[in-house]
**Student:** 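The structure is given below, and queries will be raised subsequently.
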Amino acid sequence: MTVMPEQIIRLVKATNHFVLMTHVHPDGDALGSLLGLAEILESLGKRVFRYLEEPVSDLYCFLPGCELTSTDLGELADFVAAAHGDVASIALDCGDAERLGREQERLLAIRPLVVIDHHRGHRDFGDVYWVDPKRSSTGEMVYELVETLHVVPSTTSAFNLYVAIVTDTGLFRYENTTSRTMRIAAELLELGVRPEEATGLLYDNYSLQRLRLMEQVLATLELHAGEQLAAIRLTTVMLESCGATVGDAEGFIDYPRSLRTVKVAVLFKESDERAGSVSMRAKGECDVAQVAALFGGGGHRNAAGFRYVEMDHAQVRADLLLALQTSLERNAAEE
Ligand code: AMP
Ligand code: MN
Ligand code: MN
């Protein structure tokens, strides 16, 4: 476990304006950390700009404070200008500068830039960084920052941090869940978070379109490598026929992953005729972050992904399945 750099605390104390940012297609950890930290900084009298490239997806619009996020680059520029140099930015849950999205150059120019992240294979960027792949989530790291600042989070910021931890640990199921994670979660409950409310809004709050899409996506299930490798796929035709968006597919990968024999699960998501993204989940020894890196992506040992453009979907599927089979065979040989 790494220690939080003193510099981060000094910078947070000394600065009055913050621009918070996270990775594109933000998940529960990205949004929960960003919204949780934003409110905490405001409770210290700071001004905060919650920047997102796209509006918050339907799945997360219940998060307290998500209406305060902005995708407006003009507003962002005005905020930075009005700070007269008394400004810093904080990138949360972002494994490399690329993942900040299409406005990365503009965002990277807001300095000093603090980076708080827990991705394995993190590629350093920014001026001060605290990166710890041993942490379950960025939410857990933000909680430690808050403790160090001697701030007692409000119930709403505690709720956001709880959502961050719950989503990145798969409801405290994955191996990234430590006794420390549980202790922090317990403290968040003591601050007034109701677990059934958080998980109800996360997992019992879906649209009918999503369920219809799931029917079609699960029907594509294919098994390879003696049933150790399971793949499902989502096409743009399916999205259109259900009136759903790619975001509605969040969590689908847990179904192929849940099969007894499966060691690696893959979800292929088409977003355009020749563009898409891929999610991978591993159980046990297979390192999907390493495989994702071969395709220009990254992530964690057990959860990784990549995006592609100008490529044939069928070719990407064939290449990835081959790479995963090779990785599984290599692991089997080492056992
Ligand atoms: P996802 O399957 O989209 O939930 O992604 C799982 C994990 O893979 C994320 O937490 C990221 O760390 C990582 N990841 C996904 N997509 C990319 C990408 N395009 N580049 C780098 N890392 C990614
Ligand atoms: Mn994330
Ligand atoms: Mn995360």
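Order of listing sets the numbers, starting from 1, for every ligand and every atom in it. Heads up: numbering here begins at 1 and tracks the sequence.
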**Student:** Is a side-chain donor or acceptor of R210 paired with a backbone partner of E250 at a separation under 3.5 angstrom?
**Tutor:** yes
**Student:** F49 and H17: aromatic ring centres closer than 6.0 Å?
**Tutor:** no
**Student:** With the Mn ion (ligand 2) at the center, what angle do OD2 from D27 and OD2 from D93 span, rounded to 10 degrees?
**Tutor:**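 Seen from the Mn ion (ligand 2), OD2 and OD2 are separated by roughly 140°.
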**Student:** Could you identify the N, O or S atom of H118 positioned closest to the Mn ion (ligand 3)?
**Tutor:** NE2
**Student:** Take atom CZ of R180 as the centre, draw a 6.0 Å sphere, and report whether it contains more than 12 heavy atoms from other residues, nucleotides or ligands.
**Tutor:**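 Count over threshold, so yes.
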**Student:** Are any of the side-chain heavy atoms of Y255 and I232 separated by less than 4.5 Å?
**Tutor:**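 No, side chains not in contact.
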**Student:** Please give the atom name: the N, O or S atom of D29 nearest to the Mn ion (ligand 3).
**Tutor:**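 Looking at D29, the N, O or S atom with the least distance to the Mn ion (ligand 3) is OD2.
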**Student:** Tell me, do V266 and L324 make a side-chain contact under 4.5 Å, heavy atoms counted?
**Tutor:**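 A side-chain contact under 4.5 Å exists here.
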**Student:** Suppose I only count heavy atoms of G299 and a 4.0 Å limit; which atoms of ligand 1 are within that range?
**Tutor:** 8 (O), 12 (O), 13 (C), 22 (N)
**Student:** For S279 and ligand 1, does the shortest N/O to N/O distance drop below 3.5 Å?
**Tutor:**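 So ligand 1 has an N or O lying under 3.5 Å from an N or O of S279.
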**Student:** Return the closest protein heavy atom for atom 20 (N) of ligand 1 as residue, atom name and distance.
**Tutor:**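 It is R99 CD, 3.4 Å.
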**Student:** Tell me whether C94 has at least one N, O or S atom under 2.8 Å from the Mn ion (ligand 2).
**Tutor:** no
**Student:** Only N/O/S atoms count here: what is the atom of D168 closest to the Mn ion (ligand 3) called?
**Tutor:**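 Looking only at N, O and S atoms of D168, the one nearest the Mn ion (ligand 3) is named OD2.
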**Student:** Give the residue and atom name of whichever protein heavy atom lies nearest to atom 7 (C) of ligand 1, and the separation in Å to one decimal.
**Tutor:** A303 O, 3.5 Å
**Student:** Check the side chains of E39 and S154 for a donor-acceptor pair under 3.5 angstrom, ignoring hydrogens and angles.
**Tutor:**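 Yes, side-chain donor-acceptor contact under 3.5 Å.
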**Student:** Taking only heavy atoms of R307 into account, list the atoms of ligand 1 that are under 4.0 Å away from them.
**Tutor:**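 So the atoms of ligand 1 that pass are 19 (N).
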**Student:** Only heavy atoms of H300, strictly under 4.0 Å: list the atoms of ligand 1 that pass.
**Tutor:**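 Going through ligand 1 atom by atom, the ones under 4.0 Å from H300 are 10 (O), 12 (O).
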**Student:** Kindly identify the option in G298, S137, G297 whose heavy atom sits closest to atom 14 (N) of ligand 1.
**Tutor:** G298
**Student:** Among all protein heavy atoms, pick the one closest to atom 6 (C) of ligand 1 and tell me residue, atom and distance.
**Tutor:** R281 NH1, 3.6 Å
**Student:** With no hydrogens and no angle check, do the side chains of N176 and H118 hold a donor and an acceptor under 3.5 Å apart?
**Tutor:**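 Absent: no donor and acceptor within the cut-off.
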**Student:** Report yes if some N/O of M280 lies less than 3.5 Å from some N/O of ligand 1; otherwise report no.
**Tutor:** no
**Student:** Assess A304 for proximity to ligand 1: is some non-hydrogen atom of it under 4.0 Å away?
**Tutor:** yes
**Student:** With distance as the sole test, does R135 use its side chain to make a donor-acceptor pair with the main-chain N or O of T2 at under 3.5 Å?
**Tutor:** yes
**Student:** May I ask you to identify the nearest protein heavy atom to atom 11 (C) of ligand 1, giving residue, atom name and distance to one decimal place in Å?
**Tutor:**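 Residue, atom and distance for the closest contact: H119 NE2, 3.6 Å.
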**Student:** Would you call K283-E175 a salt bridge at under 4.0 Å N-O?
**Tutor:** no
**Student:** Checking a contact table here: which protein heavy atom is nearest atom 16 (N) of ligand 1, and how many Å away?
**Tutor:** G305 C, 3.5 Å
**Student:** Apply the side chain to side chain contact (heavy atoms under 4.5 Å, CB included) test between P256 and each candidate in L221, V262, V217; give the one that qualifies.
**Tutor:** L221
**Student:** Check the angle between the aromatic planes of F125 and H122 and answer parallel, tilted or perpendicular using the 30° and 60° thresholds.
**Tutor:** parallel
